[in-house]
Protein chains: 2
Amino acid sequence: MARKRTKPGKIRLTEVAKLAGVSPITASRFFRTPEALSINKRVRVESAAKELGYVPNLAARALASQRTEVIGVLIPSLTNNVFSDVLRGIYDAVDGSRYTIQLANTRYSILQEEKLLRVFLAQKPAGLIVTGIDQTPESRSLMEATDCPIVQLMEIGNNPVDMMIGFSHADACHAAISHLLDQGCRRIGFLGARMDPRVQRRFLGYQQTMKEAGLADPRLVVTTPLPTSVTLGGTLFADLLAKAPDTDAVFCANDDLALGVLFECRRRQISVPEQMLISGFNDLEFMASAVPTLTSVRTNRYEMGRTAATMVIDAMDGRRPEQRVVDLGYTVMVRQSTLRPGRSGRVAVERQSAAE
Amino acid sequence: MARKRTKPGKIRLTEVAKLAGVSPITASRFFRTPEALSINKRVRVESAAKELGYVPNLAARALASQRTEVIGVLIPSLTNNVFSDVLRGIYDAVDGSRYTIQLANTRYSILQEEKLLRVFLAQKPAGLIVTGIDQTPESRSLMEATDCPIVQLMEIGNNPVDMMIGFSHADACHAAISHLLDQGCRRIGFLGARMDPRVQRRFLGYQQTMKEAGLADPRLVVTTPLPTSVTLGGTLFADLLAKAPDTDAVFCANDDLALGVLFECRRRQISVPEQMLISGFNDLEFMASAVPTLTSVRTNRYEMGRTAATMVIDAMDGRRPEQRVVDLGYTVMVRQSTLRPGRSGRVAVERQSAAE
DNA sequence: CGACCGTTTGGTAGCGCTGTCAATAGTTCT
DNA sequence: AGAACTATTGACAGCGCTACCAAACGGTCG
């Protein structure tokens with residue numbers, strides 16, 4: 001006796017096909033390769049589907065076709081503004097396409113990342129977006145063994161697993177420090193929190209620039225593995241002043257820290273930029289609004305997410321990009337906080353772009 | 001002739017069962033209701049699965065069982081800090097469980113929300129988390145017709161679709177305004193951006209409190225449908241001062257606006273709190289770090305997300321909560337920006353909790 | 001006019017797993 | 001000891017869709 005597992009009211013592809021007067025497989029094709037149908041049938045299936053309010057069963061599709069339409073996204077943090085901008089770009093790009101995002105949070109742990117990667121790959125994602133270039137060797141092998149398109153995000157480097165989009169953190173930081181040097185600063189401090197790979201590369205950019213200028217001094221560097229915050233910016237700055245009271249400028253590895261430094265200066269009656277220059281990194285919205293306005297390095301986060309998702313989707317549809325590594329560049333947004341009064345400051349924006 | 005669609009190396013449940021010396025269905029049960037197996041078989045299946053590196057095929061499971069292990073989450077914004085905190089709570093709660101998050105962004109549109117809801121429901125999610133209580137009537141019907149657990153987030157009200165967790169925005173705002181009145185303020189401005197339902201309820205709380213005090217004045221209210229930003233806070237504050245130059249305090253519907261007001265005060269040499277009191281809403285991290293420190297209303301966003309996800313998971317596992325509506329309350333964090341010098345300010349935190 | 005070829009359509013047989021129900025083994029009770 | 005249960009296990013038949021192959025169709029060309 002036939003079991004009744006199927007609810008009678010349920011609309012399956014068969015029902016649509018019946019109403020349209022075609023075979024189920026033809027109806028199926030309408031949803032995947034409509035251009036393969038004659039106009040006649042195409043219209044018939046379309047109206048039948050609409051009339052019945054048909055919605056494809058994704059699980060059945062995935063099972064039958066042995067693939068999903070899911071793009072896995074691995075990011076280190078859900079809270080950090082940087083990633084929420086990237087995410088927004090990704091979701092915007094995917095919106096309207098037939099693909100779906102599966103998001104997971106690595107919490108800045110490459111072991112956690114590897115674990116999540118295994119989970120994702122087991123479900124045969126259509127594509128993958130991962131953050132950074134510092135995966136575990138196992139993660140790397142897993143990704144290389146996979147045939148779905150993969151984009152590495154936030155950085156650039158010379159051996160992408162597949163595709164890559166980002167910018168050089170070291171170069172961006174170099175540009176910011178050079179600007180401070182141009183302003184006549186000699187004792188430029190570095191403040192960094194969390195010290196994830198990207199912050200570390202910014203630090204390398206700082207260190208190299210200072211070394212080249214003959215100004216490197218370990219007392220000028222204050223970092224912590226703690227997650228970033230505005231409050232922490234104030235604390236780190238206090239530490240910096242304790243170690244190097246003659247500091248004349250601070251480069252903060254992100255904008256939260258910079259805001260914290262600004263507040264701490266105010267608390268200590270240190271005038272900015274007269275006595276202390278401040279630069280941040282990322283150019284969050286508030287930097288342009290602070291008093292004084294705060295210099296920062298603008299990165300194209302939304303664009304990065306959007307382009308990454310577009311690259312993945314294009315690759316899945318067989319349109320491989322001409323260049324596998326996309327450098328989105330950065331822009332040093334020079335503002336009041338790093339313009340020494342009396343100096344001939346280039347108030348204009350200093351642009352550093354992909355092509356260099 | 002049998003077609004070869006299955007790759008030879010692939011590990012299916014059948015392979016695991018064979019190695020363990022049990023039937024496939026028994027192996028299947030191991031992954032769903034291990035307690036139903038005898039210790040003997042449980043161990044055999046477990047080691048067989050591990051040896052083969054078996055990973056269940058979720059699509060097949062979903063198709064066969066007619067349900068998924070996906071929790072759909074609908075939030076209005078990916079950028080807003082408020083939601084990233086909530087999201088983090090949700091992801092943390094789901095982490096380790098067998099459930100998966102499917103996230104979608106309504107962009108503050110209830111029509112978009114309805115559309116996404118249809119997509120989600122068509123895939124038979126195990127549970128649903130939606131933002132707010134202002135769905136379209138169609139959305140409401142769709143949700144009521146569904147039998148999966150649903151949590152409405154960010155607000156409380158008296159007719160939940162299913163479950164609800166949040167706090168009263170009007171009450172929270174009332175508490176903040178009352179505090180300003182206590183400080184002797186009479187011309188308290190209201191600044192609001194985006195004006196989504198939650199901000200509107202905060203506005204109602206403001207309006208009612210002012211009316212009760214006999215201090216309501218439309219000139220004290222400046223709102224805009226534009227998305228919020230620090231810069232916008234400055235702009236709205238400028239508008240407010242133009243309309244009501246005698247304003248002695250500002251309540252900002254969120255903290256970004258409050259920070260913008262602080263900067264604008266600095267720009268205009270208005271001293272805080274001597275000449276102007278400022279209160280924000282949400283209590284983002286930077287509020288406690290600003291100079292002067294800024295008063296705000298703390299809401300338990302992370303907890304909200306975490307508890308919402310836990311409630312959904314518990315309900316799916318058959319553990320319905322004793323109370324369907326959970327009020328997480330709020331706390332007015334009184335700081336320097338709203339303490340009139342010379343006034344006997346209650347510097348301590350004023351707590352308003354669920355039980356009231 | 002029939003061979004030939006590209007386009008469109010349909011039939012068949014699963015994809016890998018689980019719901020349902022029946023069967024078997026193991027206990028307890030009268 | 002046999003009945004009456006309960007705890008385990010297994011057989012079977014799909015879930016709704018699509019890959020693969022074959023057939024039908026329509027037109028071209030020598």
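All chains are named by letter (A, B, ...) in the order of the sequence lines, taking the proteins before the strands, and each is independently numbered beginning at 1. Only a predicted model underlies this, so the values are computations on that prediction, with no experimental measurement involved. These numbers come from the heavy atoms of this one structure, side chains and all, not from hydrogens, waters or symmetry mates.
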Review point. Got a salt bridge between A:Lys124 and A:Asp147, using NZ or NE/NH1/NH2 to carboxylate O under 4.0 Å?
Key: no
**Study point:** Sugar-phosphate only, base, or nothing, as touched by A:Arg42 at under 4.0 Å among non-hydrogen atoms
**Key:** nothing
Check your understanding: Hey, does the side chain of A:Gln66 come within less than 4.0 Å of C:dG16's phosphate (OP1/OP2), counting only N and O?
Key -> yes
Review point. Salt bridge or not for A:Asp95 and B:Arg107, using N-O below 4.0 Å?
Key: yes
Point to revise | Positions of residues 44-61 of chain A (non-hydrogen atom under 4.0 Å from DNA chain D), listed by number | key: A:Tyr54, A:Pro56, A:Asn57, A:Ala60, A:Arg61
Review point. Does the distance from a Lys or Arg side-chain N to an Asp or Glu carboxylate O, for B:Glu46 and B:Lys50, drop under 4.0 Å?
Key: no
Check your understanding: So which of residues 24-38 of chain A are in contact with DNA chain D, with a heavy-atom cut-off of under 4.0 Å?
Key -> A:Ile25, A:Ser28, A:Arg32
Review point. So does A:Asn158 have more than 12 non-hydrogen atoms from other groups sitting under 6.0 Å from CG?
Key: no
Check your understanding: ring-ring contact (aromatic ring centres under 6.0 Å, His included) between A:Phe31 and A:Tyr54: does it pass, once the steps are laid out?
Key -> CA-CA 11 Å; A:Phe31 294 99; A:Tyr54 170 74; 5.2 Å; yes
Review point. Got a sec: does the CZ of A:Arg67 have more than 12 other heavy atoms crowding it under 6.0 Å?
Key: no
Review point. At what angle, to 10 degrees, do the two end axes of the helix from C:dC1-D:dG30 to C:dT30-D:dA1 meet, given five pairs define each axis?
Key: 40°
**Study point:** Short side-chain N/O contact to C:dT18 OP1/OP2 from B:Ser65, under 4.0 Å
**Key:** no
Point to revise | Sidechain N-carboxylate O distance under 4.0 Å for A:Arg306, A:Glu303 | key: no
